[in-house]
Protein chains: 2
Amino acid sequence: MGKINFTKNADGTVPAIVQEYLTGRILMLAYVNEEAWVKTLESGKAHYWSRSRKKLWLKGESSGNVQRIKEIMVDCDEDTLIYVVEQDGGAACHKGYHSCFYRHVVDDAFVVVEDRVFDPKDVYK
Amino acid sequence: MGKINFTKNADGTVPAIVQEYLTGRILMLAYVNEEAWVKTLESGKAHYWSRSRKKLWLKGESSGNVQRIKEIMVDCDEDTLIYVVEQDGGAACHKGYHSCFYRHVVDDAFVVVEDRVFDPKDVYK
């Protein structure tokens, strides 16, 4: 039986890298505590612990952009996850981009390297 | 000028997802504080903050498996990085696997889904 090590962070979370199933693209990173982990396994939909709002968070509960779990990977230290998902709505980022990683670091600047998929004003009302 | 937000974790770190340049594969996740960030930018080699050893860590300092930075991405909240790297030695994981994520979570079990690239006993002496 495999066990995730939720003891490394004081708030009982581990980071989950979210990777898109068909493209392999890294969409975002969020945090999972034991409650979110259990809900994710039960529902097949990605749940996280919101560190800012200090509450369980079903990704897509506001935007409708749910993440459907296809596979889960665990690392050598059992303290980091990859959620391989199908991303509803074609965008993971609350700023309207496909991926939260829409900017390159170039010298001292952050350079946007893709277009928005949606306007956040249309989605978060 | 872009600024990484190093204030979210008490130890001044942000997570860095490490992605292989040619394959797009996620190799590992490690933590970067301001010192590691500056060293990474200066040297072009991935540096991290070891949370267990509480010291700056040049990836590959023991194994020789240095990670050469090709690109860096930053997320919407400026508190997570992707280091896109060329991985010397063909393996990122100290357990001898190409990726630290060499196991799938299948029901209650962790299932190894790839072969070792090296035997750790031959590399860490």
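Reminder, nothing fancy here: chain letters follow the sequence lines and each chain counts from 1. Keep in mind that what you see is a predicted model, and the values were worked out from it rather than measured.
Both A:Tyr21 and B:Ile26 are part of a single hydrophobic cluster, where members link through side-chain heavy atoms under 4.5 Å apart. A:Tyr31 and B:Ile17 fall within a single hydrophobic cluster, where Ile, Leu, Val, Met, Phe, Trp and Tyr side chains are chained together by heavy-atom contacts under 4.5 Å. B:Val38 and B:Val85 fall into different hydrophobic clusters, defined by Ile, Leu, Val, Met, Phe, Trp and Tyr side-chain heavy atoms under 4.5 Å apart, directly or through other members. At a threshold of 4.5 Å between side-chain heavy atoms, the hydrophobic network of Ile, Leu, Val, Met, Phe, Trp and Tyr places A:Ile69 and A:Trp57 in one connected group. A:Leu22 and A:Val117 sit in two unconnected hydrophobic clusters of ILVMFWY residues. Membership requires side-chain heavy atoms under 4.5 Å apart, directly or through other members.
Chosen from B:Thr80, B:Val74, B:Ile82, the residue pairing most often with chain A at heavy-atom distances under 4.5 Å is B:Val74. Options A:Cys93, A:Cys100, A:Ser52, A:Ser99 differ in how many heavy-atom pairs under 4.5 Å they form with chain B, and the most are formed by A:Cys100.
Among all heavy-atom pairs drawn from A:Met73 and B:Phe101, the shortest one is CE-O, 3.2 Å.
Atom CG of B:Asp115 sits in a sparse spot, with 12 or fewer heavy atoms from other residues, nucleotides or ligands closer than 6.0 Å. Other residues, nucleotides and ligands contribute over 12 non-hydrogen atoms within 6.0 Å of the NZ atom of A:Lys55. Atom NZ of A:Lys39 is surrounded by 12 or fewer heavy atoms from other residues, nucleotides or ligands within 6.0 Å. In the displayed structure, B:Asp11 atom CG is contacted under 6.0 Å by more than 12 heavy atoms of other residues, nucleotides or ligands.
With a 4.5 angstrom heavy-atom cutoff, A:Arg51 touches chain B only via side-chain atoms. In this structure, no portion of B:Val106 lies under 4.5 Å from any heavy atom of chain A. Proximity to chain B is absent for every atom of A:Val84, based on heavy atoms less than 4.5 angstrom apart. Only the side chain of A:Asn9 has a heavy atom closer than 4.5 Å to any heavy atom of chain B.
Side-chain contact between A:His94 and B:Asp77 is present, with at least one heavy-atom pair separated by less than 4.5 Å. Side-chain contact between B:Ile72 and A:Phe110 is absent, with no heavy-atom pair separated by less than 4.5 Å. Proximity of B:Gln19 to A:Arg25: side-chain heavy atoms (C-beta onward) are nowhere separated by under 4.5 Å. The shortest side-chain heavy-atom distance between A:Cys76 and B:Tyr97 does not fall under the 4.5 Å cut-off. A:Val105 has its side chain out of reach of B:Tyr83: every pair of non-hydrogen atoms, C-beta onward, lies at least 4.5 Å apart.
Tested against A:Leu29 for a side chain to side chain contact (heavy atoms under 4.5 Å, CB included), the candidates B:Leu29, B:Leu81, B:Asp75 yield a single pass: B:Leu29.
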